[in-house]
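Lettering of chains follows the sequences in order, A, B, ..., and the numbering in each one begins at 1.
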2 protein chains.
Amino acid sequence: MSKNAKFVEKLRETGLRPTKQRVKICKVLFDREKTFHFTINDLVKRISEEFNEKISLATIYNTVHAFEKKGYLKEISINSDKSYFDTNTSVHHHFYDEDTHKLIDCNENDIESINIKKNITGKKINSVEVLIRVASDNQNQN
Amino acid sequence: MSKNAKFVEKLRETGLRPTKQRVKICKVLFDREKTFHFTINDLVKRISEEFNEKISLATIYNTVHAFEKKGYLKEISINSDKSYFDTNTSVHHHFYDEDTHKLIDCNENDIESINIKKNITGKKINSVEVLIRVASDNQNQN
DNA sequence: ATTATACATTATAATCATTCTAAACTGTTG
DNA sequence: CAACAGTTTAGAATGATTATAATGTATAAT
């Protein structure tokens, strides 16, 4: 089965019409070896690099949000400037390089399981996320 | 020594002129028992409640950023909509209530120390932050 | 005390990411 | 093929934050 056919199937399975825009965005996001961490701006750039036909910015936003809702993508909170998304939707943590502004995945084995001893009455835990900020070793900190 | 005099001293010590706006903002932020988690909007509301004279929005932004730079405040990343700030600048983690959009501090003892086994070549760890998202137990998740 | 100067405050405008709108278009179903 | 719901689109609107530039104020020198 071709890559495209797989994406069409995936979209249809989750109740999203396989439009040509969505299939193209799937190719950019999911047709790759490694996890892809990106901002909307990164995605816009990739799309314009890979295809001649442009996709409207509104569609890119719509699609990313649709994909997030369907569980294809996960949003990562780093700062308030930008939204970062991750094609790896499993439970995992991140390193954030403050020099390059890039995210690096943290595997299951890179971090010991986190034991939370407190709980909030009437609330259940939806997620536990660890963000490890790193920066160049020889740089001054002001 | 009066509260005001303390704030004046604190400001001067870190090279900030103790203007009346800054002292007022100090009172709102630091003259309280518990840690204060807030957005700029929260702070604006508090100021208008506590004082007759208004402080310009630009000044509030400037002051919060100045205070953050001087280490009086810490920014907490939750999502890209809003910036949250915390008057507790020590290393600690948070619960985020997705129903009420409020932060709750996590004490040292509420979470076991996090052991990170991976390191990024040439980079040092600046911070390790855990965010635990919670929501009402009996609510559907869509 | 007065003055000079650098630092702060202010209202308003500008910016920038994101969302909304409503018209045109397209995939799907019968 | 027709009908309809779902989608895309350009451009406008929004909303948080930042820049601007004029006015005001704390501080240090006179």
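Taking A:E13 as the reference, A:E9 meet the side-chain contact (heavy atoms from CB on, under 4.5 Å) condition, with sequence neighbours excluded. Applying the side-chain contact (heavy atoms from CB on, under 4.5 Å) criterion to B:T19, with sequence neighbours excluded, gives B:R17, B:Q21, B:R22. Residues passing the side-chain contact (heavy atoms from CB on, under 4.5 Å) test with A:L103 are A:H37, A:I76, A:I78, A:Y84, A:H94, A:Y96, A:L131, sequence neighbours excluded. Remark: A:K123 pairs with B:D97, B:D99 by the salt bridge (charged side-chain N to carboxylate O under 4.0 Å, His left out) rule, at least two apart or across chains. For A:N88, the side-chain contact (heavy atoms from CB on, under 4.5 Å) criterion is met by A:T35, A:D86, A:S90, A:H92, A:D105, not counting sequence neighbours. Residues that satisfy the ring pair (Phe, Tyr, Trp, His ring centres under 6.0 Å) test with B:F38, not counting sequence neighbours, are B:F36, B:F85.
Rounded to whole angstrom, the span from the CG atom of A:L11 across to the C1' atom of D:dG6 amounts to 13 Å. Separating the NZ atom of A:K69 from the C1' atom of D:dT7 is a distance of 15 Å, rounded to the nearest angstrom. Between B:E68 atom CD and D:dT18 atom P the separation is 10 Å, expressed in whole Å. What separates NZ of A:K24 from P of D:dT7 is a distance of 18 Å, to the nearest Å. When rounded to the nearest whole Å, the span between CG of A:N62 and C1' of C:dA17 equals 15 Å.
Candidate nucleotides C:dT18, D:dT9, C:dT9 were compared by shortest atom distance to the side chain of A:I40, and C:dT18 ranks first.
Residue contacts shown for B:N41 are absent, as no nucleic acid heavy atom lies under 4.0 Å away.
The cationic group of A:K74 does not satisfy the cation-pi geometry with A:F67, failing either the under 6.0 Å distance to the six-membered ring centre or the 45° limit from the ring axis.
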Tabulate below the donor-acceptor pairs under 3.5 Å that side-chain atoms of residues 54-61 of chain B make, not counting sequence neighbours, or state none.
{"residue": "B:S56", "atom": "OG", "partner": "B:A58", "partner atom": "N", "Å": "3.3"}

For residues 45-52 of chain A, please give each side-chain donor-acceptor pair under 3.5 Å, one per line with the distance, not counting sequence neighbours.
{"residue": "A:S48", "atom": "OG", "partner": "A:K45", "partner atom": "O", "Å": "2.9"}

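For the helix from C:dA1-D:dT30 to C:dG30-D:dC1, the terminal axes (five pairs an end, C1' atoms, rotation from four pairs onto the next four) enclose an angle of 20°, given to 10 degrees.
OP1 or OP2 of D:dT18 has at least one side-chain nitrogen or oxygen of B:H65 nearer than 4.0 Å. Between D:dT17 and B:Y61, a contact under 4.0 Å exists linking OP1 or OP2 to a side-chain N or O. For A:S83, no side-chain nitrogen or oxygen approaches OP1 or OP2 of C:dA17 to under 4.0 Å. Of the side-chain N and O atoms in B:Q21, none sit less than 4.0 angstrom from OP1 or OP2 of D:dT25.
Other residues sharing the hydrophobic cluster of B:V91, ordered by chain and number and joined by side-chain separations under 4.5 Å: none, the residue standing alone.
For residues 47-60 of chain B, proximity to DNA chain C is found at B:K54, B:I55, B:S56, B:A58, B:T59, defined as any non-hydrogen atom under 4.0 angstrom from a strand atom.
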What nitrogen or oxygen pairs link the protein and nucleotides 26-30 of chain D at under 3.5 Å?
{"residue": "D:dT27", "atom": "OP1", "partner": "B:R12", "partner atom": "NH1", "Å": "2.5"}
{"residue": "D:dT27", "atom": "OP2", "partner": "B:R12", "partner atom": "NH1", "Å": "3.4"}

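Counting only distance, with no hydrogens or angles, the side chain of A:D31 and the backbone of A:V28 share no donor-acceptor pair below 3.5 Å.
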